[in-house]
Number of protein chains: 2
Amino acid sequence: MTSDAQPGATETEPSLGFQHHDHRACVDHALGAVEARCAEEGLRFTPVRRKVLELLLKEHKAMGAYAILDELREAGFGSQPPVAYRALDFLVDNGFVHKIERLNAFVACAHPGESHAPAFMICRVCDAVAEAHSAPAKGALGAAARAAGFQIERTVVEAEGVCPACAEKAEG
Amino acid sequence: MTSDAQPGATETEPSLGFQHHDHRACVDHALGAVEARCAEEGLRFTPVRRKVLELLLKEHKAMGAYAILDELREAGFGSQPPVAYRALDFLVDNGFVHKIERLNAFVACAHPGESHAPAFMICRVCDAVAEAHSAPAKGALGAAARAAGFQIERTVVEAEGVCPACAEKAEG
DNA sequence: CGGTGGAATGTTATAAGATCACATGGGGGT
DNA sequence: ACCCCCATGTGATCTTATAACATTCCACCG
C-alpha cells in the first residue's frame, strides 16, 4: 500500500489526506491533467467548465452548486442554476469532479486521469473532504451483488467522521 | 414480470433482495421487531412514526419525503414537511429506516434490530433498492482512514447499477 | 466562403428536498 | 393538580435541482 507522502515533501501530490501541501502546484497539476485529457478525448474544456474546476481546485473543499454559481456570476458567466449544473455535469461525467451525495456538494477529483472508484472521508465538524480509493465490489457488497445478480456500474462510498485536525481541537 | 409469483398469495412483490417473497409476513415481522425494540428501549413508537414505517415497509421501495407526506395527509396526519421529516428522523436515528443519499429517499431497514453498516444496491432503471451488509472500514477505505488519522463514525455505501429483472428485460 | 447541424450557453420558471420558528397538545412523574 | 418534556401541527422560508425554450458558438461539409 502507498504509505502516504510526508507532509512538507514536494507535493504535486494531491491531497490524499487532510494534510497541507503546495496548493498552487496541486491546482496547476490538476488543471493541466484535465486539459490534456480533454484534448486527448475531444472533450470541450470550455471557459465555464474550466472556471468551475478551477474554483473547486482552489477552494479545495466541497462546494454547493449555488456557491459555485455565485462565483460564476461574479466572473461574468450566466447566473442561473443550469449554468452551474451543466458545467458540473460535464465535470462529473468525465470524472474530473465528484459529487458528495451526503453533502449535496462537489469536490475536484484528487486523481484526475486515473480511473478509479473514489471513496470519501467527510469531517462532520469542518466539512473537509478527503478522497481515497475504494474497492467496494471486492468485499461484502460485491459478494451480495453477485449473489443477487445485480450489475454494479458505479459506487458511492462516503465515510462520515472527524478529521485529525478537528479531533485534536476537540481534545485540546 | 412477476412470473413466479404464487397464484393467490398475498402480494408478493419484487424487492429487497430483488427476489419475491411473502410481503405481508415481511411487513408484519418488521413492524413487530421495531415495536419490540421500542418497548425495550423506552422509545415512543407513536402513530405517525408507525404509519411512516408501515408505508415504507408496504411500498418496499425508496420513497421521497414528500411522497410519504402525501400519504400522511391522506391518513389524516399533519400535512406539512416537518411532520414527515421528524418521523423519518426518529426512524433513521434508531436504525429502522435508512436514507438513500443517492436518491434523497428513504427505505425501511431490511434487518431491524441487528446493528449493521448497511450497503445498498440501487437499480437505475426501476429504482428498486436492495439492502446488503458492508464492512467498508475493513477494506481500502479503512486503511486510508487509519493512515490519515480519520475517525469513521458512519458510512454511506450505495452501488448503482441494474437489477436482475431489468437486465433481463433489456436483453429481452 | 457560406451554410448547416449539433453542442454549449443563457434565461425564465418551477419542481423537489429540507429546515426554522413558534404554537398546541398529551402523558408521565412529583 | 401541576409541571415539564416531548411530540405534533402549521406557516414560512431556504436550498438544491430540473424543465423548457431561445440563442450563440463552432466544427465540418460542400
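Naming: A, B, ... by sequence-line order, numbering from 1 per chain. This one's a predicted model, so the numbers in the text were calculated from it and none came from an experiment.
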Between D:dT16 (P) and A:Ile68 (CD1): distance, integer Å
11 Å
How do B:Ala65 and B:Arg44 order along DNA chain C: which one's closest nucleotide is nearer the 5' end?
B:Ala65
Taking C:dT11, D:dG11, C:dT9 as options, the one with an atom nearest any side-chain atom of B:Pro82 is D:dG11
If hydrophobic clusters are built by linking Ile, Leu, Val, Met, Phe, Trp and Tyr wherever their side-chain heavy atoms come under 4.5 Å apart, do B:Met63 and B:Leu57 end up in the same one?
yes
Can a side chain N or O of B:Lys99 be found less than 4.0 Å away from OP1 or OP2 on C:dA18?
yes
Is there a side-chain contact between B:Ser79 and the phosphate of D:dG9, meaning an N or O under 4.0 Å from OP1 or OP2?
no
Rounded to the nearest angstrom, tell me the gap between atom CD1 in A:Ile100 and atom P in D:dA17.
12 Å
Euclidean distance, atom CG of residue B:Leu103 to atom C1' of D:dA17 [Å, nearest integer]:
14 Å
Donor-acceptor pair under 3.5 Å: do we get one between B:Arg86's side chain and the base of D:dG9?
yes
In the structure I gave you, are the side-chain heavy atoms of B:Phe106 and B:Leu91 within less than 4.5 Å of one another anywhere?
no
Between B:Arg50 and B:Glu35, is the closest basic N to carboxylate O distance under 4.0 Å?
yes
State which of D:dT8, D:dT10, C:dT19 makes the closest approach to the side chain of B:Gln80.
D:dT10
Below 4.0 angstrom from OP1 or OP2 of C:dA8, is there any side-chain N or O of A:Arg49?
yes
Starting at NZ of A:Lys51 and ending at P of C:dG10, how long is that distance when rounded to a whole Å?
14 Å
Whole angstrom is fine here: how far is it from CG in B:Asp89 over to P in C:dG17?
16 Å
Any donor-acceptor pair under 3.5 Å joining the side chain of B:Tyr66 to the base of C:dA18?
yes
Would you kindly compare B:Thr46 and A:Tyr85 by the position of their nearest DNA chain D nucleotide and give the one closer to the 5′ end?
B:Thr46
Check the orientation of A:Phe90 and A:Phe96. Use parallel for under 30°, tilted for 30 to 60°, and perpendicular for over 60°.
tilted
Counting C-beta onward and ignoring hydrogens, is there a side-chain heavy-atom pair between A:Arg44 and A:Arg49 closer than 4.5 Å?
yes
In whole angstroms, how far is the P atom of D:dA7 from the CZ atom of B:Phe45?
14 Å
Would you say C:dG17 has OP1 or OP2 under 4.0 Å from some side-chain N or O of A:Asn104?
no
